[in-house]
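Notes follow once the structure below has been shown.
Quick caveat: nothing in here was measured; it's all calculated off a predicted structure. First the proteins, then the strands, lettered A, B, ... as listed; each starts at 1.
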There are 2 protein chains.
Amino acid sequence: MTEPTQEQVEQLTRAFERFTRKFKVAEAAAAADNALNALDAQTLVFVGDNPGCGTGDVARYLNVAMTTMSSAIDRLVRKDLIERRPHEDDRRSVALTATKTGRQAIEDQIAAYREACRAMLRSLDPREQRELIRLSEKIAEAQT
Amino acid sequence: MTEPTQEQVEQLTRAFERFTRKFKVAEAAAAADNALNALDAQTLVFVGDNPGCGTGDVARYLNVAMTTMSSAIDRLVRKDLIERRPHEDDRRSVALTATKTGRQAIEDQIAAYREACRAMLRSLDPREQRELIRLSEKIAEAQT
DNA sequence: CAAGATAGTACGAAGTTCGTACTAATCAAG
DNA sequence: CTTGATTAGTACGAACTTCGTACTATCTTG
């Protein structure tokens, strides 16, 4: 827990700008098939991870207006990627779940991500690979 | 350059998903002031890095239609963040440059990025910080 | 210099986001 | 149990974004 130097921060920033770009390309590639925009893709993944969640849950998580999320869900339902079912306990709510097609689309989405990660690791030798993963996890945990 | 294991790839993917999310928040925070959408922000940064570039250069780099870029540039010009000047050699082209206000906005944009990177580094001890930067640069260079 | 390629913009159609207004269901007292 | 406030969600329309088509102006090449 030491304050990094200005120079170090800038080096990492430059490297990460390139990573971010790489991930965007990966996202775009995964979306190409289903023609999902960024919001719809993120919505689909969230619903896949949180079956039974409601419109508001996703809206809050992705930081968009409730009505925007309602539209996004409309599009995903029309493409048969998710389903709106009545919620058991609260009849105002809907319970969202990914359809079989939707789960497949999520897999493709994540596979593209994973492919980008694999490409990164491939540039390193085995010891470095282990070290990068260790450091990444340490950071991810610290951010809470 | 050794093939990483499936397990390693997944660990890194999970960690990077969290990073990506963090960067999106940073981007959103930087955009909040100027109310720039993602495309406009990226366009502004590119023009800042490539003064004198043309509409088509940015469009190709960001992978959008020429007309889309023309609109984005319209918006940035209207906000006085960039300028369209006639190109010296080729009078069909425009030469784009960031205005003083624009350069300031870019600084804010990048500062938010840098802040996210600094936060990451802070979770590590000095030896680990140096190692993370070294590995990141190695990967960034290998990707070409 | 004529034909074709290139850089860019105008315009309009299709789609996205979000605020306002509304319905339906739940909760909290009284 | 009813009434008033809250909560989950959708319908609708305005403002904005993206992009294809059509067009102008300017190189480039044979």
Side-chain angles (χ1 to χ4, degrees), chain A residues 24-25 27-29 31-47 50-97, chain B residues 24-25 27-29 31-47 50-97:
Chain A
K24 277 186 187 140
V25 172
E27 270 182 39
D33 289 336
N34 305 299
L36 291 187
N37 65 29
L39 178 64
D40 293 3
Q42 288 173 295
T43 300
L44 179 56
V45 170
F46 183 85
V47 170
N50 301 275
C53 67
T55 307
D57 297 325
V58 197
R60 273 185 298 276
Y61 178 76
L62 294 178
N63 207 37
V64 296
M66 187 77 162
T67 49
T68 304
M69 187 44 60
S70 191
S71 303
I73 290 171
D74 275 350
R75 289 191 292 271
L76 291 170
V77 168
R78 226 176 299 130
K79 286 173 186 157
D80 192 35
L81 297 172
I82 67 177
E83 267 179 344
R84 260 194 263 247
R85 328 193 64 217
H87 192 285
E88 303 252 308
D89 305 332
D90 187 339
R91 285 185 301 178
R92 291 169 304 183
S93 303
V94 292
L96 301 171
T97 49
Chain B
K24 276 188 187 138
V25 172
E27 270 182 39
D33 290 336
N34 305 300
L36 291 187
N37 65 29
L39 179 63
D40 293 3
Q42 288 173 295
T43 300
L44 179 57
V45 171
F46 184 85
V47 171
N50 302 275
C53 67
T55 307
D57 297 325
V58 197
R60 272 186 296 278
Y61 178 75
L62 294 178
N63 208 37
V64 297
M66 186 77 163
T67 49
T68 303
M69 188 43 60
S70 192
S71 302
I73 290 171
D74 276 349
R75 290 191 292 271
L76 291 170
V77 168
R78 228 177 297 130
K79 287 174 186 157
D80 191 34
L81 297 173
I82 66 178
E83 268 180 345
R84 262 194 262 246
R85 327 192 65 218
H87 192 285
E88 303 252 307
D89 305 333
D90 187 340
R91 284 184 304 178
R92 290 168 304 180
S93 303
V94 291
L96 301 171
T97 50

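- For dT17(D), one of the phosphate oxygens OP1 or OP2 lies less than 4.0 angstrom from a side-chain nitrogen or oxygen of Asn37(B).
- Note: CZ (Arg60(B)) to P (dC19(D)) measures 16 Å, nearest angstrom.
- Between Leu36(A) and Leu81(A), the closest side-chain pair of non-hydrogen atoms falls below 4.5 Å.
- If you take CE of Met66(A) and C1' of dG19(C), they are 14 Å apart, rounded to a whole angstrom.
- Nucleotide dA7(C) holds its P atom 19 Å from the OH atom of Tyr61(B), rounded to whole Å.
- Between Thr97(A) and Ile82(A) there is no side-chain heavy-atom pair separated by less than 4.5 Å.
- You'll find the side chain of Arg75(B) reaches within 4.5 Å of the side chain of Ser71(B), heavy atoms only.
- Of the side-chain N and O atoms in Arg75(A), one or more sit less than 4.0 angstrom from OP1 or OP2 of dT17(C).
- Thr67(B) contributes a side-chain N or O that forms a donor-acceptor pair with the base of dG20(D) under 3.5 Å.
- One atom, CG of Asp90(A), and another, P of dA25(C), lie 10 Å apart when rounded to the nearest Å.
- Side-chain N/O atoms of Ser93(B) include none lying less than 4.0 angstrom from OP1 or OP2 on dT26(D).
- Two residues are said to be in side-chain contact when any heavy atoms from C-beta on lie closer than 4.5 Å; Asn50(B) and Leu96(B) fail this criterion.
- Between the side chain of Arg92(A) and the base of dT26(C), no donor-acceptor pair under 3.5 Å is found.
- Atom CD1 of Ile82(B) and atom C1' of dG8(C) are 14 Å apart (whole Å).
- Remark: P of dG8(C) and CG of Asp89(B) are 13 Å apart, rounded to the nearest angstrom.
- For the pair Met69(A) CE and dT7(D) P, the computed distance is 20 Å after rounding to whole Å.
- Atom CZ in Arg91(A) sits roughly 15 Å away from atom P in dG9(D) (whole-Å rounding).
- If you find the closest nucleotide of DNA chain C to Thr68(A) and to Ile73(B), the one lying nearer the 5' end belongs to Ile73(B).
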